[in-house]
Amino acid sequence: MSEHQISVTVNGRPLHGQVESRVSLGDFLRIDGGYTGVHLGCEHGVCGACTVIVDGKAVRSCLMLAVQADGSDVTTAEGLAEPDGTLHPVQQTMREEHALQCGFCTPGVVMTLAALTAGDARPTEEALIGALSGHICRCTGYQGIRRAAKRLAADAGARAGEVA
Amino acid sequence: MKPAPFDYVAPTTIAEACAILDEAGGGATVIAGGQTLMPLLNLRMSQPFILVDINKIPELQGITKETGFTRVGPVTRQCDVLTNADLARDLPVLVQAVRHVGHHQTRNRGTVGGSIALGEPAAELPATSVALGAMIEVSSVRGTRQVAAHDFYLGPYMTMLEPDELVTAIRFPDWPANHITLFREVAQRPGDFALVGVVGALAIEGGAIARAGIAWFGMGPTPIKARQAEAALIGQSLDSIDPAAIAALALADTAPFDDHHATAEYRRTVGKRIFASTLGAILTLGEAA
Ligand code: FES
Ligand code: FES
């Protein structure tokens, strides 16, 4: 059983650790980093609750080893809001559209939507709704999450229109 | 739900990876995207002594056009296939198939080679490689060999790959620029493995079919080449083809099974219908073109 010295940038801050090779990125973030916004549900790639952004892409942190993330740039739900507490547009939209109840699935959903709407990306409504198929929510019945996704697609389109 | 302990190594060349696999004598498992392997590790259904991570080997990445074929590096991410302009033009059905592999989040890490090397019988990419006539390049310290995709699969998750071997490329042969493609799957939810699926390509010359490559997924212990249907299609003019008759021939090559998702009878019934309707639809398109 090998152990590895790794360094990951999490929400702009360095996180160093000595990890056993079998430790998932999700466990490393939660246990070594204290980023408990990473929710581990099924731990085998089905539920999507553990989704984080690694080097710009939404991935399941239960399906990646911590050692594989060495040198990567990771964003978790804790890294989205402004330091003064202003919510990220995805968080704000989900809040307004009642897209959460218990909140267990929420960090994963938020990270997927945040990855797809980052920067000047112009995701279609279809792309956002399609990506939601990678998340299971036991509470909301999905309608609020879908409304939020639709609004985010429309907002991204409008932003692009302003620039053009 | 945590993996059993293992050693982890991340070689940076094919030679180094092959040497590790050779020394491990069957105790090593290769990890590419890990989107199927990590669940198996977490559930302790797979317990290797050494995990060999091939993500740091540059030779295994990327998509290159060579004479007669397109070489896809096994560690090419599925998400990168979706945005590759050359593949969209040259091998559109591969792109179409990848859209159905897992979810956005798993395609961001999952690889083409991982899916092809694993050999899940209901997965899209093994069947696509069989349909298109791909050659799978396999290397070990003993040398390199090319295996035709339709010979590669032996059973569910069983392939010709020896424990010391690594898939080092997938070669998709060229198809003529005007070839037409077929793809259809029935699954319970987006991202699930298919209950039944069919994928293929047809090349047309002078109004008749000059080349056909068609395979089923979810219709037996491996992806299944629809040999009889392919043979029957060759040389036929588009307006003389009876899709239902070809579907019946295609079905004759399958060996579907009962599981808790669907019965063999369901798979046969639905398989025949989607085959006939998909073939009928593309033939109409082919005539119009
Ligand atoms: S905990 Fe990772 S997908 Fe469920
Ligand atoms: S809000 Fe409870 S699982 Fe989605």
> Answer yes when A/Arg22 and A/Asp27 have at least one side-chain N-carboxylate O distance shorter than 4.0 Å, and no when they do not.
no
> So that I can tick it off, tell me whether B/Arg77 and B/Asp80 are bridged by a salt bridge, with the cut-off set at under 4.0 angstrom between side-chain N and carboxylate O.
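No, no charged N to carboxylate O under 4.0 Å.
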> Where does A/Gln68 contact chain B at under 4.5 Å (heavy atoms): side chain, backbone, both or neither?
both
> For the candidates A/Val54, A/Thr51, A/Leu116, A/Val46, which exhibits the highest count of non-hydrogen atom pairs separated by less than 4.5 Å from chain B?
A/Leu116
> Side chain from CB out, backbone as N, CA, C, O: work out which of these in B/Ala4 comes under 4.5 Å of a heavy atom of chain A, or both, or neither.
backbone
> Does any backbone or side-chain atom of B/Leu51 lie under 4.5 Å from a heavy atom of chain A? Answer side chain, backbone, both or neither.
side chain
> Donor-acceptor pair, distance only, cut-off 3.5 Å: does the side chain of B/Gln105 make one with the backbone of A/Ala131?
yes
> Counting C-beta onward and ignoring hydrogens, is there a side-chain heavy-atom pair between A/Ile145 and A/Leu132 closer than 4.5 Å?
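Heavy-atom side-chain distance check passes, below 4.5 Å.
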> Using non-hydrogen atoms only, which part of A/Met64 is less than 4.5 Å away from chain B: side chain, backbone, both, or neither?
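Both backbone and side chain of A/Met64 come within 4.5 Å of chain B.
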> Distance from B/Leu94 atom CG to B/Thr181 atom OG1, nearest 0.5 Å?
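Interatomic distance, B/Leu94 CG to B/Thr181 OG1, rounded to 0.5 Å: 11.0 Å.
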> Could you go step by step and tell me if A/Thr76 and A/Asn11 meet the side-chain hydrogen bond (donor to acceptor under 3.5 Å, both in side chains) rule?
CA-CA 7 Å; A/Thr76 69; A/Asn11 304 331; 2.9 Å; yes
> In terms of heavy-atom pairs under 4.5 Å with chain A, which of B/Arg109, B/Arg189, B/Lys56, B/Gln35 leads?
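The candidate making the most pairs under 4.5 Å is B/Arg109.
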> Check whether B/Ile31 gets within reach of chain A through its side chain, its backbone, both or neither, counting any heavy atom under 4.5 Å.
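The side chain, not the backbone.
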> Determine the option with the most heavy-atom pairs under 4.5 angstrom with chain B, choosing from A/Glu20, A/His135, A/Glu3, A/Lys57.
A/Lys57
> Heavy-atom distance under 4.5 Å to chain B: side chain of A/Ser133, backbone, both or neither?
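Contact with chain B is through both the backbone and side chain of A/Ser133.
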> Sort out for me which of A/Thr112, A/Val23, A/Leu40 touches chain B most, counting heavy-atom pairs under 4.5 Å.
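Of A/Thr112, A/Val23, A/Leu40, A/Thr112 has the most heavy-atom pairs under 4.5 Å with chain B.
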> Provide the closest heavy-atom pair for B/Thr111 versus B/Pro74 in the form atom of the first, atom of the second, distance.
CB-O, 3.2 Å
> Among the options B/Pro190, B/Pro39, B/Gly102, pick out the one with the most heavy-atom pairs lying under 4.5 Å from chain A.
B/Pro39
> Is any side-chain N of the basic residue among B/Lys2 and A/Glu43 closer than 4.0 Å to the acidic one's carboxylate O?
yes
